[in-house]
J.: 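Following this message is one structure expressed as structure tokens.
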Amino acid sequence: MEQKMNIEQFKGQARLPKFAIPSHYDLHLKLDLSAACTFSGTVKINLSIIEKTNFLVLNANQLHVHQALFTTSGNQQYCPSDVVVDDVDEVVVLVFDEPLCVGEGLLRIEFSGKLNEHLKGLYRCTYVDKEVKKNMAVTQFEAADARRCFPCWDEPALKATFKITLDAPSELTALSNMPIIDEKLDGNVKTVYFEETPVMSTYLVAVVVGLFDHIEDTTTDGVKVRAYCPVGRSDEGKFALELTIKSLDIFTKYFSTPYPLPKLDMVAVPEFAAGAMENFGLIVYRDNEMLYSDSKSTARRKQRVTAIYSLAIL
């Protein structure tokens with residue numbers, strides 16, 4: 001009863017309690033893009049416990065938490081006696097019978113969810129391949145919807161590094177913030193490993209899995225830029241690619257600051273809540289805000305695309 005009463009203190013709060021601060025996420029997502037449209041995953045979070053506590057409170061929304069374990073730097077393990085998921089306050093509370101002491105540790109959580117149709121978090125998007133409607137997966141985490149994809153400290157100030165791994169259908173393209181460092185094939189599923197990101201907020205983490213054609217070019221500083229377009233429409237990504245290459249070169253000179261990542265991907269998806277989202281290294285656009293055709297698009301469309309690109313890159 002006392003624990004339940006204590007849990008009430010975390011409800012109705014605008015911010016997470018500061019018992020622990022994350023520094024790194026190792027996230028492995030497994031996507032099922034069949035009719036079920038579900039996902040499961042494991043996240044390992046490096047934490048600094050800064051206040052002795054019987055609770056760890058982090059964000060989660062519309063997720064099922066299956067298992068959690070906290071391991072200290074001294075290899076002592078603590079399994080929560082209770083896991084309370086509150087979708088109203090969008091938090092998950094891990095309750096420990098023994099207090100966690102100040103120091104470093106690793107929190108491991110297994111979870112699952114469903115790709116939603118609300119264009120938030122990790123959501124389902126559809127495309128047509130040879131007259132057949134198929135599913136793809138897209139993320140939109142701004143401002144506070146990373147919690148719909150994985151349990152996390154989903155506040156912009158609580159920045160961390162991220163290492164992402166995806167299990168996806170082998171015939172599809174898997175994209176994230178950073179370049180691919182390895183890929184393994186197991187039947188019709190491939191596991192894609194991405195480089196670790198710089199320190200950043202959770203809302204800038206991005207994942208896209210779908211069927212695309214792409215074109216690419218390189219800036220004068222050696223940054224690889226790719227435009228991912230619907231199959232058969234890569235020519236409509238040429239203007240975006242040219243504009244991005246020029247913009248990166250101009251901004252690098254103007255701000256005297258080089259672009260900080262080894263690549264920049266742009267991807268056009270058919271269903272997206274905004275014009276674009278400036279995810280670090282993987283900018284996602286609604287397709288009609290990215291694709292441009294010299295023979296079909298208007299001058300006004302060209303102006304609109306230019307404006308969206310400039311804002312997204314900045």
Side-chain angles (χ1 to χ4, degrees), residues 25-43 60-66 109-141 145-152 162-180 182-194 205-214 226-234 237 265-274 277 279 281-287 290-291:
Y25 293 80
D26 191 336
L27 174 63
H28 189 163
L29 290 173
K30 301 178 181 181
L31 303 178
D32 179 0
L33 296 178
S34 66
C37 270
T38 59
F39 64 91
S40 60
T42 302
V43 63
N61 189 11
Q62 305 297 317
L63 296 176
H64 300 286
V65 175
H66 302 291
I109 301 177
E110 294 181 13
F111 60 93
S112 63
K114 186 173 179 63
L115 275 71
N116 69 79
E117 299 179 355
H118 308 301
L119 309 186
K120 295 179 179 181
L122 179 59
Y123 68 91
R124 180 181 74 94
C125 192
T126 59
Y127 66 99
V128 177
D129 177 30
K130 298 176 182 177
E131 301 184 353
V132 178
K133 194 174 184 180
K134 296 183 178 181
N135 297 317
M136 61 186 291
V138 183
T139 56
Q140 168 58 9
F141 289 167
D145 282 315
R147 65 190 69 180
R148 290 176 180 264
C149 179
F150 61 101
C152 57
F162 297 82
K163 194 166 186 181
I164 296 173
T165 303
L166 296 177
D167 284 0
S170 58
E171 73 275 12
L172 300 183
T173 299
L175 303 171
S176 189
N177 303 84
M178 299 298 288
I180 295 171
D182 197 11
E183 192 171 302
K184 296 179 181 178
L185 188 63
D186 183 9
N188 60 354
V189 174
K190 63 181 177 182
T191 302
V192 184
Y193 303 85
F194 296 90
V205 175
V207 167
V208 176
V209 177
L211 191 64
F212 302 99
D213 284 341
H214 80 272
R226 293 190 179 102
Y228 287 87
C229 309
V231 173
R233 299 176 64 185
S234 59
D265 292 334
M266 303 171 293
V267 57
V269 301
E271 298 167 71
F272 197 69
M277 175 57 206
N279 306 302
L282 178 57
I283 303 176
V284 181
Y285 295 84
R286 195 182 330 127
D287 56 9
M290 173 175 158
L291 304 178

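Just so you know, residue 1 is the first one in the sequence shown, and it goes up from there. Computed from a predicted model, the values in this text were never measured in an experiment.
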J.: Hey, can you tell me if Phe39 and Phe111 have their rings parallel, tilted or perpendicular (30° and 60° cut-offs)?
T.: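 Perpendicular.
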
J.: Would a distance-only check, ignoring hydrogens and angles, find a side-chain to backbone donor-acceptor pair under 3.5 Å from Asp213 to Cys229?
T.: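 Looks like no, no N/O pair under 3.5 Å.
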
J.: Can you tell if the side chain of Leu31 reaches within under 4.5 Å of the side chain of Leu122, non-hydrogen atoms only?
T.: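 Touching, per the 4.5 Å side-chain cut-off.
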
J.: What are the two closest non-hydrogen atoms of Thr42 and Glu110, and how far apart are they?
T.: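 Heavy atoms only, the tightest pair is OG1-CG, 3.9 Å.
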
J.: Looking only at non-hydrogen atoms, find the nearest pair between Pro270 and Arg286 and report the distance.
T.: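 Nearest heavy atoms, Pro270 then Arg286: O-CG, 4.5 Å.
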
J.: Between atom SG of Cys152 and atom CZ of Arg147, what is the distance when rounded to the nearest 0.5 Å?
T.: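 If we round to the nearest 0.5 Å, Cys152:SG and Arg147:CZ are 7.0 Å apart.
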
J.: Tell me yes or no: between the side chains of Asn135 and Arg124, is some donor less than 3.5 Å from an acceptor?
T.: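 Arg124 and Asn135 do have a side-chain donor-acceptor pair below 3.5 Å.
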
J.: A side-chain contact here means heavy atoms from C-beta on lying under 4.5 Å apart; do Lys184 and Tyr193 qualify?
T.: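 Lys184 reaches Tyr193 side chain to side chain.
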
J.: Any side-chain heavy atom of Met136 sitting closer than 4.5 Å to one from Val269?
T.: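 In contact.
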
J.: Under 6.0 Å from the CG atom of Asp186, do we count more than 12 heavy atoms belonging to anything else shown?
T.: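 For Asp186, atom CG is not crowded (no more than 12 foreign heavy atoms under 6.0 Å).
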
J.: Scan side-chain atoms only and decide if Asn188 and Ser170 contain a donor-acceptor pair under the 3.5 Å cut-off.
T.: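 No.
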
J.: Between Ile164 and Ser176, which heavy-atom pair has the shortest distance, and what is it?
T.: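 For Ile164 and Ser176, the tightest heavy-atom pair comes out as CD1-OG, 3.4 Å.
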
J.: Taking all heavy atoms of Ala206 and all of Thr139, pick out the closest pair and write down the distance.
T.: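 Scanning both residues, the minimum pair turns out to be CA-OG1, 3.3 Å.
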
J.: Decide salt bridge (Lys or Arg N to Asp or Glu O under 4.0 Å) for Asp145 and Lys120; before the verdict, give the C-alpha distance in whole Å, the side-chain angles of both, and the deciding distance to 0.1 Å.
T.: CA-CA 6 Å; Asp145 282 315; Lys120 295 179 179 181; 5.1 Å; no

J.: Closest heavy-atom contact between Cys125 and Val138?
T.: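 Between these two residues, the closest heavy atoms are CB-CG2, 3.9 Å.
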
J.: Quick one: does Cys149's side chain get under 4.5 Å of Phe141's, heavy atoms only?
T.: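 A side-chain contact exists here, since the closest heavy-atom pair is under 4.5 Å.
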
J.: Please report the interatomic distance CG(Leu211) to OG1(Thr173), rounded to the nearest 0.5 Å.
T.: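 It comes to 6.5 Å.
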
J.: Roughly how far, to the nearest 0.5 Å, is the NE2 atom of His64 from the OG1 atom of Thr38?
T.: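 Those atoms lie 10.0 Å apart.
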
J.: Can you confirm whether Pro151 sits close enough to Leu63 that some side-chain heavy atom of one is under 4.5 Å from a side-chain heavy atom of the other?
T.: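 Sidechains of Leu63 and Pro151: in contact.
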
J.: Out of curiosity, Asp287 CG to Arg233 CZ, how far, rounded to the nearest 0.5 Å?
T.: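 Separation between the atoms: 6.0 Å.
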
J.: Without swapping roles, check the side chain of Glu271 against the backbone of Thr126 for a donor-acceptor pair under 3.5 Å.
T.: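 Answer holds: yes.
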
J.: Would you indicate whether Lys190, at its atom NZ, is surrounded by more than 12 heavy atoms from other residues, nucleotides or ligands within a distance under 6.0 Å?
T.: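 Count over threshold, so yes.
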
J.: Please report the closest heavy-atom contact between Ser112 and His66, naming both atoms and the distance.
T.: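 Looking at all heavy atoms of both residues, the shortest contact is OG-NE2, 2.6 Å.
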
J.: Quick one: does Asn177's side chain get under 4.5 Å of Phe194's, heavy atoms only?
T.: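 Asn177 does not reach Phe194 side chain to side chain.
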
J.: Distance check, rounded to the nearest 0.5 Å: Phe272 atom CZ versus Tyr123 atom OH?
T.: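 If we round to the nearest 0.5 Å, Phe272:CZ and Tyr123:OH are 5.5 Å apart.
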
J.: Is the number of heavy atoms from other residues, nucleotides or ligands within 6.0 Å of NZ (Lys114) greater than 12?
T.: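 Enclosed: over 12 neighbouring heavy atoms sit under 6.0 Å from NZ of Lys114.
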
J.: Picking from Leu282, Leu27, Leu166, what satisfies side chain to side chain contact (heavy atoms under 4.5 Å, CB included) with Val207?
T.: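 Between Val207 and the candidates, side chain to side chain contact (heavy atoms under 4.5 Å, CB included) is satisfied uniquely by Leu166.
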
